[in-house]
There are 2 protein chains.
Amino acid sequence: MVGHPAGLPDDPRANVTAPTPACPVEITLAALHGRWTTLVVRELLRGDRSYSELRLALPMLSDKVLSDRLAQLGEAGVVERDRRPGWPPRVRYALTPSGHRLGPVLQALWDWGAEASTRDTGAESSCATSPLR
Amino acid sequence: MVGHPAGLPDDPRANVTAPTPACPVEITLAALHGRWTTLVVRELLRGDRSYSELRLALPMLSDKVLSDRLAQLGEAGVVERDRRPGWPPRVRYALTPSGHRLGPVLQALWDWGAEASTRDTGAESSCATSPLR
DNA sequence: CTGAATCCCTGCCGATACTG
DNA sequence: CAGTATCGGCAGGGATTCAG
């Protein structure tokens, strides 16, 4: 009726009354849940990183939260850990194919927030999580 | 390099190291933040609703959280309150134009979660927050 | 009917310190 | 270099009660 361009065809699984973890929307929000998460994903969208490179890129992010996020994103199938043998330990973090597909999602989030904020303030917001380059 | 299809052209405001509330992505996530929020939006995407219609559609949602969410969505410019004179009090909630633009955002969240879950389980997830009919 | 106020409990996240 | 362990403060959210 309202006529959104995108077209989820008539979807059988759209009549629930509580936020179940099985809902695709909840799955995505769970993957991105928590502070710093989108920034970590954004950093990895630019390329694979080591732990210390991530710390360097996000200096205000504590060790605890960073490892929490990496574990969470690993659970969600977004990030892959590549541990290499030898000393000192070298570990690379990279997005999985599924993780790369978060690009358009972050883009959609960015677009709505950008439009909403320009309509409110008329100003450009200088910030952080833009998905691509 | 990685080559995402969508194209945020080179965006000047993408080099920050902390999750500031001015970030468009943060703005959107803040608007959708918290449990039940996407389900309320989804319900309103189907048409305007009264308070009690929302309670009926989402029976497990408590009064406190419902009014919290409606206030939050009002603050975010997503939902508009239409109070009509007379007795008993009649109030209608409807999405603003900005709110309707959340349709594609929820669609993007749905799509990623749907693909991620089918690749994990091979099964269909029966759930809730699908944006459109 | 449409909410707001209160209470309490849980889980997040930040800081610090410590290990392989 | 790459994390884990522990603790404390604070905000989110559920149930109940009260108000316009």
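Quick note on labels: first sequence line is chain A, next is B, and so on, each numbered from 1. Since the structure is predicted, the reported quantities are computational estimates derived from the model, not experimental observations.
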For this session: Identify, with sequence neighbours excluded, every residue that meets salt bridge (Lys or Arg N to Asp or Glu O under 4.0 Å) alongside A/Glu75.
Result: none
Problem set entry | Atom pair CG/CZ of A/Leu95 and A/Arg49 - distance to nearest 0.5 Å | 10.0 Å
List the atom pairs, donor and acceptor, that lie under 3.5 Å between side-chain atoms in residues 77-88 of chain B and the rest of the protein, sequence neighbours left out.
none

Problem set entry | Check: B/Gln107/B/Asp111 side-chain N/O donor and acceptor closer than 3.5 Å | yes
Seminar exercise, completed: side-chain contact (heavy atoms from CB on, under 4.5 Å) with A/Leu102: of A/Leu44, A/Val41, A/Thr38, only one passes, and it is A/Val41
Exercise. Looking at DNA chain C, which of residues 48-81 of chain A put a heavy atom within less than 4.0 Å of it?
Worked result: A/Lys64, A/Val65, A/Arg69
Exercise. Between which nucleotides of DNA chain C, 5' to 3', does chain B make heavy-atom contacts below 4.0 Å?
Worked result: C/dC1 to C/dT6
For this session: Look at the side chain of B/Glu43 and the backbone N and O of B/Leu54, then say whether any donor-acceptor pair between them is shorter than 3.5 Å.
Result: no
Problem set entry | For the student: nearest non-hydrogen atoms of B/Met60 and A/Ala18, plus distance | CG-CB, 4.4 Å
Seminar exercise, completed: Contact span of DNA chain D against chain A, any nucleotide atom under 4.0 Å from a heavy atom, 5' to 3', runs D/dC1 to D/dT6
Problem set entry | Residues that B/Arg92 engages under salt bridge (Lys or Arg N to Asp or Glu O under 4.0 Å), provided they are two or more places apart | B/Asp48, B/Glu53
For this session: Provide the closest heavy-atom pair for B/Glu26 versus B/Thr20 in the form atom of the first, atom of the second, distance.
Result: CG-O, 3.3 Å
Problem set entry | Separation of A/Thr37 OG1 from A/Arg42 CZ (nearest 0.5 Å) | 15.5 Å
